[in-house]
Amino acid sequence: MTTQSQQNYNKINKLINSSRINESFLLLKNQMKNYPTLQKELDKLRKEETTYKYMLDYISEGHNDPSQLEMLEQIRDNLYRANELLLRENILKDSSDIYSSTRRMFKLRETTLESLLNDYNGAVEEIFKGKKEESQSIITQTQAKYLSEIFNYVWTMFGCENAEYETLSNVLDSNEYPEYLKSILISAIVLGNLTYFDPDSFEILLNLYENTDSVPLKARAMVGIVLISLLNSKRLKGNLRLRSRLILSGEDESLKKLVNEVLINIIRTYDTKRIDNKMRNEVIPGLMKINPEIINKMRDLASDSENFLSEGNPEWEDIIEESGVADKLKEISDLQLEGADVMVTAFSNLKGFPFFSQPSNWFLPFTPGYYEFASMPFDKDEENMKRLTSVMCDSDLHSFFLSMGTMPEDKRNLMISNLQNQMKQAYEAMSDAVGETESQRLSKKIRHNLQDIYRFFKFYRKRNDFSDPFEKPFVANDIENLMSVYDISPDNIKWIAEFYFKNKYYAEAAGLYELLDNIEPGNSNVWEKIGYSKERLSQFDKAVEWYKKSEILNPENQWLIKRLAISLKNSEKPEEAIEYYEKALSSEPENYHLLMSAGQCLLSGERYGDALQKFYHAQYLRPDKADAQRAVAWAELLSKNYEKARMLYEKILEDKNSDKTDYLNAAHGALASGDFKSALQLYKDFVAKTENQDITSLVIAFRDDADIIKQLGIKTQDLRFIVDKIRYDLTGE
C-alpha cells in the first residue's frame, strides 16, 4: 500500500468523523472515478449524495426532522464503507500481502462463490445425495483443496455483488452442507470483517446465530459477532439497520448473557501473552533448573526410604516447594480453572506443519476423517476422543495428531497412554461430564474458538500480513462504544476492570473503573482502585485526586492514608505528605517503613532534625537494616553534623555489603568538614568500585550531586583538585 493511499484514506476518515460530508463526497467521487471496478459503488455514492442534498434542502426550509441525526449517521457509515473499498482497491494494485494476492487471483479467474461450491459439490457428490452418512466426516485431499478456496473467497469477498452474499447466506441456511464447511465459512466472514468491516456479511452472521440449532456454529458465530463489534463499534452505531437489530435482539436475556460471556472471554484472551511468557521464562526454566537437584536429592532420600518403590517421598514436595516453582505451577493451574489459555505454550511450536500453510485449516473443526490423519488409531476410542476435544481447541488437536503421525509407533502408543490419564484428570476438573448442558457446551466452544483465532494471529507464518486484534487490549472506550448496541452489564464491566487490575494492566483497569464510576457513581472502593492504578502509572497528582475523593467517605481508612502520603510525597508535596504520614504513624507508631518514608519526606522539606528523629526511631526498631543506618548518616551529613556523619559512615563502610554510593557520600562529608586527605582516599575508593574504574564516573557523580555539594559548602576548586589528583595517580600523566 502506498503512503499516499493511506494518507488519502486517513484524510477522508477525518472528514467523515468531523461530519464534513460535502468534502467527503467530493474527495471520494474524484478518486473512485479512476477505478473501473468501483463504478457501481460510485453510482451508489452519488445516490447517497442526492439523499444528503434532499436532507439539506428540507432543513433549509426550516423543517425539523427528528430522524435527521439518524440519517446523517447512516450517510456517514456509507461514506466509511466507500472509503474502505477505495483503500482496498489501492492496496490490491500492488501489495504482495496474502489478502491482496488472493483477491487478485479470484478477480483474474472471474471466480464466483457458486462456481467454487459446484467444484466442491462435484468432489463430494455422494454426501449431498445422502448415500453415506459416515462420509460427512471424511475430508479427502480434493475436498480440502476446494474448502480452502471457498474459505479464501469468502474471506476476501468484501464489496462483491449482492448475489454472492445471497449464495453465502443460502449455504449457511442449508441442511445439505456438512457442519465443518459452515464452520470455516463463519470463520472466513469473521477474518474478512477483521480486515474490512463488511455490514452485509456481518448481517449474515447475525442470521446464522438466530436460525441455527448447532451449538458449535452458534458459538463460532457469536464469537465473531462480538469480536467484530468490539473492533467496529463506531461503525455499528452509525449503521441504522444493524444497530436497530442488535438493540432489539438485546432484549433476549439469553443472548444478552452470551454476549457478556463472549466479551469476558475475549478480554481474558489478551492475558494469554503474559501467561505464555510466564510459562517460557519462569515455569519451564525453573523446572529445568531444579531438575538435577531434584534427581540427586530424591536419590538420597530414596536410599533411606523403605517404601520408595510403593509411594512417593513427602520430602520431594518440600524440594519443589523450596524451589519456588510450586507457586508458579499453582498459579498456572488456577488460571486454567478460570478459563485461561495455558495450552498455547505447549502447542506454539507445533504449527509448522504444511497443514497450517492454508489459512482455512486454522479454523477447520477437528475431523478424524481428515485425509492426513484418518488412519490414526486414537480416534477409535470414543471416550478418549470426547476428553481430548473437551480440553483442546481444534487447532491444537490438529497439531497433536499431525505430530503423532511423525512418531514411531511405540513412542506414539506410549504418548497416547500417558495423555489418556492426563486428559481424564483435566476432563474431570473442568466438570465436562457426559451429561453436560448445552450452556456448558456453548461456553466450551466459545473458549476454544477464541483460542483458534488467537493462534492464527500469533503463529500463522504470514501473520505479519494481518492486523492482530489481540495485540492491544480492549479499553474503556471500546467497551463504551459497544454499549451503544449491546447491553453490557455493570457487573461485567466490573469483572473486566478487576481482571485488568489483578493482572497489573493498570492503564486499562483505570479506564474501566472510571467507566464503571460513570454508570454507578458513589463507590469508594472503585475510587481507591482508580487512585491505586494512577499511582502505579506514576500519575501521582491524579492518584491523589481519587484517593481524596474516597477519603471523604473513609477518613480513618489506614490503607488510604498511607497511599495518600506516598502519592503526595511522589507529587513533590512534602509538607502535605508529612501530615498523612503523621496520621498513619499515630495508628502504627512502630511501623518501620512508615518511619523511613516519613523521614525521607521530611528530608525533602529540609526538616533535618525531624527527619533524624524518624530515622533514629526506625534504626532502633530494625538495627539490622542497612537502609536505616544509611538514612541516619545521610541526615546527619545534611544537618552538617560532620563528626557524627563520619563515625556513621566508618561503620557503614566496615560492612562488606557497602557500595560505591556509601564511599561517595562519606567523601562528601569528609571534604565538607575540611579533611581533604580522607576525602581524596574515599573518592579513590568510589572510583575503584565503579564499573570501568574511570575518573569519568567521578565527574558524572559530582555533576549529579551538584545541589548537595553546594548545600554542603564544598568549593568547586577543591573538586577540580580532587579530579586532577586522582587522574594523575591513575594514569601517571
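Between the OG1 atom of Thr696 and the CG atom of Asn692 there is a distance of 8.5 Å, given to the nearest 0.5 Å. Between the CG atom of Leu515 and the CD1 atom of Ile493 there is a distance of 4.5 Å, given to the nearest 0.5 Å. Distance CH2/Trp527 to CG/Asn554: 9.0 Å, rounded to 0.5 Å. The OH atom of Tyr649 lies 5.5 Å from the CH2 atom of Trp634; values are rounded to the nearest 0.5 Å. The CZ atom of Phe501 lies 10.5 Å from the CD1 atom of Ile530; values are rounded to the nearest 0.5 Å. Separating the CZ atom in Arg455 from the CG atom in Leu350 is a distance of 11.0 Å, to the nearest 0.5 Å.
Taking the charged nitrogens against the carboxylate oxygens, Arg630 and Asp662 do have a contact shorter than 4.0 Å, which makes a salt bridge. Looking at Lys548 and Glu576, a side-chain N of the basic residue comes within less than 4.0 Å of a carboxylate O on the acidic one, giving a salt bridge. A salt bridge between Lys462 and Asp465 is absent, with no side-chain N of the basic residue lying under 4.0 Å from a carboxylate O of the acidic one. By the 4.0 Å N-to-carboxylate-O rule, Lys529 lies too far from Asp517 to be salt-bridged with it.
For residues 706-720, the pairs satisfying side-chain hydrogen bond (donor to acceptor under 3.5 Å, both in side chains) are Tyr608-Gln711, with sequence neighbours left out.
Counting non-hydrogen atoms of neighbouring residues, nucleotides and ligands closer than 6.0 angstrom, the NZ atom of Lys542 reaches no more than 12 such neighbours. For Lys494, the NZ atom counts as loosely surrounded, since its 6.0 Å shell holds 12 or fewer non-hydrogen atoms of other residues, nucleotides or ligands.
When side chains are defined from C-beta on, Lys583 counts as touching Glu556, because their heavy atoms get closer than 4.5 Å. A 4.5 Å side-chain heavy-atom check between Glu636 and Met647 finds every atom pair outside the cut-off. Side-chain contact between Asp705 and Leu664 is present, with heavy atoms from C-beta onward closer than 4.5 Å. Inter-residue side-chain proximity for Ile479 and Leu263 is flagged as met; some heavy-atom pair is nearer than 4.5 Å. Contact of the Lys725 side chain with the Leu680 side chain is registered, since non-hydrogen atoms from C-beta on lie closer than 4.5 Å. Using a 4.5 Å heavy-atom cutoff, the side chains of Lys569 and Tyr581 are in contact. Contact check for Ile722 versus Leu698: side-chain heavy atoms found under the 4.5 Å cut-off. Between Leu585 and Lys614, the closest side-chain pair of non-hydrogen atoms falls below 4.5 Å.
For the pair Gln558 (side chain) and Ala584 (backbone), a donor-acceptor distance under 3.5 Å is present. In this structure, the side chain of Asn503 does not engage the main chain of Tyr505 through any donor-acceptor pair within 3.5 Å. In this structure, Asn641 contributes its side chain and Lys644 its backbone to no donor-acceptor pair below 3.5 Å. Listed for the Thr272 side chain is a donor-acceptor partner under 3.5 Å among the backbone atoms of Thr269. In this structure a side-chain-to-backbone donor-acceptor pair under 3.5 Å is present from Asn523 to Asn525. Looking at Asp655, its side chain never comes within 3.5 Å of a backbone N or O of Ile652 through a donor-acceptor pair. Without hydrogens or angle criteria, Asp675 side chain to Leu671 main chain gives no donor-acceptor distance under 3.5 Å. Judged by distance alone, the side chain of Arg463 and the main-chain N or O of Tyr460 form a donor-acceptor pair under 3.5 Å.
No donor-acceptor contact under 3.5 angstrom links the side chains of Asp491 and Ser489, judged on distance only. Using a 3.5 Å distance cut-off with no hydrogens or angles, the side chains of Asn570 and Ser567 do not pair a donor with an acceptor. A side-chain N or O of Asn10 and one of Gln6 form a donor-acceptor pair less than 3.5 Å apart. Side-chain contact of Gln619 with Lys625: a donor-acceptor pair under 3.5 Å is absent, judged by distance alone. No side-chain donor from either of Tyr642 and Arg646 sits under 3.5 Å from a side-chain acceptor of the other.
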Quick one: do Asp478 and Lys234 satisfy salt bridge (Lys or Arg N to Asp or Glu O under 4.0 Å)? Show the steps, please. CA-CA 9 Å; Asp478 300 314; Lys234 285 185 178 180; over 6 Å; no
Criterion salt bridge (Lys or Arg N to Asp or Glu O under 4.0 Å) on Glu575 and Arg607, from CA distance to verdict: CA-CA 10 Å; Glu575 290 303 320; Arg607 293 168 59 181; 3.4 Å; yes
Given Lys534 and Glu545, is the salt bridge (Lys or Arg N to Asp or Glu O under 4.0 Å) satisfied, shown in steps? CA-CA 10 Å; Lys534 298 292 185 184; Glu545 289 178 19; over 6 Å; no
Does Tyr547 form a ring pair (Phe, Tyr, Trp, His ring centres under 6.0 Å) with Tyr532? I'd like the steps, not just the answer. CA-CA 8 Å; Tyr547 284 147; Tyr532 187 79; 7.6 Å; no
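The two residues Leu612 and Val632 make their nearest non-hydrogen contact at CD2-O, 3.8 Å. What you find for Met596 and Ala631 is that their closest heavy atoms are CE-CB, 3.8 Å. Closest approach of Leu638 to Leu603, counting heavy atoms only: CD1-CD2, 4.0 Å. The two atoms that bring Pro574 and Ser604 nearest to each other are CB-CB, 4.2 Å, heavy atoms only. Leu512 and Ala476 get closest at one heavy-atom pair: CD2-N, 3.5 Å. What you find for Ala628 and Ala618 is that their closest heavy atoms are CB-C, 4.4 Å.
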Donor-acceptor list for residues 682-691 side chains, cut-off 3.5 Å, not counting sequence neighbours:
unit_1, atom_1, unit_2, atom_2, d
Tyr683, OH, His668, ND1, 2.8
Lys684, NZ, Asp729, OD2, 2.6
Asp685, OD1, Gln681, NE2, 3.0
Thr690, OG1, Val687, O, 2.6
Thr690, OG1, Gln693, N, 3.2
Thr690, OG1, Ser697, OG, 3.4

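With sequence neighbours left out, Phe540 forms a ring pair (Phe, Tyr, Trp, His ring centres under 6.0 Å) with no residue at all. Evaluation of the ring pair (Phe, Tyr, Trp, His ring centres under 6.0 Å) rule for Phe457 yields no partner, not counting sequence neighbours. Pro490 pairs by the side-chain contact (heavy atoms from CB on, under 4.5 Å) definition with Leu516, Ile519, Glu520, not counting sequence neighbours. In this structure, the side-chain contact (heavy atoms from CB on, under 4.5 Å) partners of Lys237, at least two apart in sequence or on a different chain, are Arg243, Ser484.
Here Tyr500 and Tyr513 keep their ring centres 6.0 angstrom or further from each other.
Geometrically, Lys351 does not engage Phe459 in a cation-pi contact defined by less than 6.0 Å to the ring centre and at most 45° from the axis.
Using cut-offs of 30° and 60° for the angle between ring planes, the Tyr620 and His617 rings count as tilted.
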